Amino acid sequence: MRLPRRTVAVATHRGPHDDLDLTYAAIGSFTARHGLRARDLVEETYLVGPRDTDDPDRWRTLVAWLVTPSDQGDASRDREPFGPSERFQERTSGRTRE
């Protein structure tokens, strides 16, 4: 099977799902800063969750948004939007996440 090439913006949410929306906001900010826009596909992968541990601080959720270059005339479209060494951090509920 051959699948089409896709670009996704991905973040790992650490902790309870109550503030998962903050991870979505961080991905949204990241994509906007890099001349990308989110498409319809969003995927959550529960790496560690309630089925694995009763301790919400140990939960890990991978959040992935399918993205495409923005239609706006943004100069950032002419360069690689992000590289393997680029990281973003978010601060939520007193915890710093990478």
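Here the structure is a predicted model, which is why all the values come from computation and not from measurement. Hydrogens, waters and symmetry mates play no part in the numbers below; they use all other heavy atoms, side chains included.
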**Stepwise side chain to side chain contact (heavy atoms under 4.5 Å, CB included) check, V63 with L20** = CA-CA 9 Å; V63 179; L20 195 57; 4.0 Å; yes
**Prompt:** Stepwise, does the side chain to side chain contact (heavy atoms under 4.5 Å, CB included) test hold for T31 with R37?
**Reply:** CA-CA 6 Å; T31 59; R37 73 165 190 253; over 6 Å; no
**Prompt:** Run the side chain to side chain contact (heavy atoms under 4.5 Å, CB included) check on W59 and H17 step by step: do they pass?
**Reply:** CA-CA 8 Å; W59 296 354; H17 298 146; 3.8 Å; yes
**Trace of the side-chain hydrogen bond (donor to acceptor under 3.5 Å, both in side chains) decision for T61 with H13** = CA-CA 5 Å; T61 306; H13 176 82; 5.8 Å; no
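A pairwise comparison of heavy atoms in V67 and A38 identifies CG1-CA, 4.2 Å as the closest pair. Scanning both residues, V48 and R58, for their nearest heavy atoms gives CG1-O, 3.4 Å. Taking all atoms of both residues into account, the shortest heavy-atom contact from V8 to V10 is CG2-CG2, 3.5 Å.
Using a 4.5 Å cut-off on side-chain heavy atoms (C-beta onward), P56 and D18 make no contact. Using a 4.5 Å heavy-atom cutoff, the side chains of Y24 and V42 are in contact.
Note: D19 CG to R14 CZ = 13.0 Å, rounded to the nearest 0.5 Å. Atom-to-atom distance recorded for E44:CD and T23:OG1 is 9.5 Å, nearest 0.5 angstrom. The line from CG of L62 to CG of L47 is 5.5 Å long, rounded to the nearest 0.5 Å.
Crowding of R60 atom CZ: a count of heavy atoms from other residues, nucleotides or ligands under 6.0 Å exceeding 12. The local environment of CZ in R51 is crowded, with over 12 non-hydrogen atoms from other residues, nucleotides or ligands closer than 6.0 Å.
Here the side chain of T53 pairs a donor or acceptor atom with the backbone of D55 at under 3.5 angstrom.
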